[in-house]
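What follows is a single structure, written as structure tokens, with notes after it.
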Amino acid sequence: MNTLIIYDSTFGNTAQIAQAMAERLGEHATVRTALATEVDLTEMKEIDLLLVGGPTQSHGVSPAMRTLLKSFPRRSLRGVSAAAFDTRYHMDAWKSGSAAHRIASRLKRTGVLLIMPPESFFVTQREGPLEDGELERAARWAEEIFERFETSRSVQQDTAEVR
């Protein structure tokens, strides 16, 4: 399983979350992390699992993440499993906004299979730090993503064998 975690991080909080996920997924797969500003779209063709996340800014995605998401051609990631995450204040998403929901919406246009609902990880203040336990929660979420990926892959193989 080839995994790519793309993130944007203003104060380092989202980078920490992405690294915690990479470490956990690295137990099961080849994992690469990349900043949103450094992604090469040609490497997207060789991935099985894509995680995309960034900080919630002005109730949505950061400018760098917006630029990246707009660069993905429609239906260009068909067959790729994906999940979206963000970092934001710990309050109702309708108050703070959620980059994860916007990222997930944009990813759907590329044809990915979203295997988990968008997830938010929380900071205590604008510049952080992360709330206690968020790195561990990110690692557990990554483990859940791996389990869902494996389940969906085995279902696809079973379906192919039946045909």
### Minimum heavy-atom distance R137-S120, with the two atoms named
NH2-O, 2.5 Å

### Message
Quick check: do T87 and Y7 have side-chain heavy atoms less than 4.5 Å from each other?
### Response
no

### Query
Are S62 and D8 close enough, and set up right, to give a side-chain hydrogen bond (donor to acceptor under 3.5 Å, both in side chains), and what steps lead you there?
CA-CA 8 Å; S62 65; D8 187 32; 2.4 Å; yes

### Query
Counting only heavy atoms not in D132, do more than 12 sit closer than 6.0 Å to its CG atom?
no

### Query
Can you find a pair of side-chain heavy atoms, one from L51 and one from L25, that are under 4.5 Å apart?
yes

### Task
Considering only NZ, NE, NH1 and NH2 on the basic side and carboxylate oxygens on the acidic side, decide whether R140 and E143 come within less than 4.0 Å.
no

### Query
Are the side chains of R32 and I47 in touch, meaning some heavy atoms are under 4.5 Å apart?
no

### Query
Considering only heavy atoms from C-beta outward, does the side chain of H28 approach that of T3 to under 4.5 Å?
no

### Task
Working to the nearest 0.5 Å, report the span between CG of L35 and CD of E38.
4.5 Å

### Task
Report yes or no: do M65 and V112 belong to one cluster of Ile/Leu/Val/Met/Phe/Trp/Tyr joined by side chain heavy-atom distances under 4.5 Å?
yes

### Task
Specify the closest pair of heavy atoms between G54 and I103, including all atoms of both residues, with the distance to one decimal.
N-CD1, 4.0 Å

### Message
Testing the basics here: between S96 and R88, what is the closest heavy-atom pair and its distance to 0.1 Å?
### Response
OG-NH1, 3.0 Å

Please tabulate, one pair per line, all N/O donor-acceptor pairs under 3.5 Å involving side-chain atoms of residues 124-131, not counting sequence neighbours.
unit_1	atom_1	unit_2	atom_2	d
T124	OG1	P129	O	3.2
E131	OE1	H90	ND1	3.0
E131	OE2	H90	ND1	3.1

### Query
To the nearest 0.5 Å, what is the distance between CG (L49) and OG (S81)?
6.0 Å

### Message
So R66 and R102, do their side chains get closer than 4.5 Å, heavy atoms only?
### Response
no

### Query
Is it true that I5 and F149 fall in one hydrophobic cluster, defined by side-chain heavy atoms closer than 4.5 Å?
yes

### Query
What's the spacing between L41 CG and F72 CZ if we round to 0.5 Å?
6.0 Å

### Query
In terms of hydrophobic clustering (I, L, V, M, F, W, Y; side-chain heavy atoms under 4.5 Å; direct or indirect links), are V123 and V61 co-clustered?
no

### Hydrophobic cluster identity match, M44 and V31, side-chain contacts under 4.5 Å
no

### Query
Any donor-acceptor pair under 3.5 Å linking the side chain of S105 with the backbone of H101?
no

### Task
Please list, chain by chain and in numerical order, all residues satisfying ring pair (Phe, Tyr, Trp, His ring centres under 6.0 Å) with F121, sequence neighbours excluded.
W141

### Query
For the atom pair CZ (F85) and CD1 (I17), what is the distance rounded to the nearest 0.5 Å?
7.5 Å

### Summary
Here the pair of heavy atoms bringing T10 nearest to P55 is OG1-CG, 3.8 Å

### Task
Check for a donor-acceptor pair, side chain of D40 on one end and backbone N or O of T42 on the other, with a separation under 3.5 Å.
yes

### Task
Check whether L50 and I115 end up in the same hydrophobic cluster, where Ile, Leu, Val, Met, Phe, Trp and Tyr are linked by side-chain heavy atoms less than 4.5 Å apart.
no

### Query
To the nearest 0.5 Å, how far apart are CZ in R24 and CG in L135?
11.5 Å

### Task
Apply the test side-chain contact (heavy atoms from CB on, under 4.5 Å) to residues M1 and F146: give CA-CA distance (whole Å), side-chain angles for both, the deciding distance (0.1 Å), then the verdict.
CA-CA 10 Å; M1 176 174 84; F146 171 74; 3.5 Å; yes

#### Entry: Shortest non-hydrogen contact between I6 and A36, atoms and distance
CG2-CA, 3.8 Å

### Task
Could you tell me the separation between the CG atom of L68 and the NZ atom of K70, rounded to the nearest 0.5 Å?
12.0 Å

### Query
Of the non-hydrogen atoms in A22 and T33, which two are nearest, and what is the gap between them?
CB-CG2, 3.7 Å

### Query
Taking the side chain from N2 and the backbone from D48, do they hold a donor-acceptor pair closer than 3.5 Å?
no

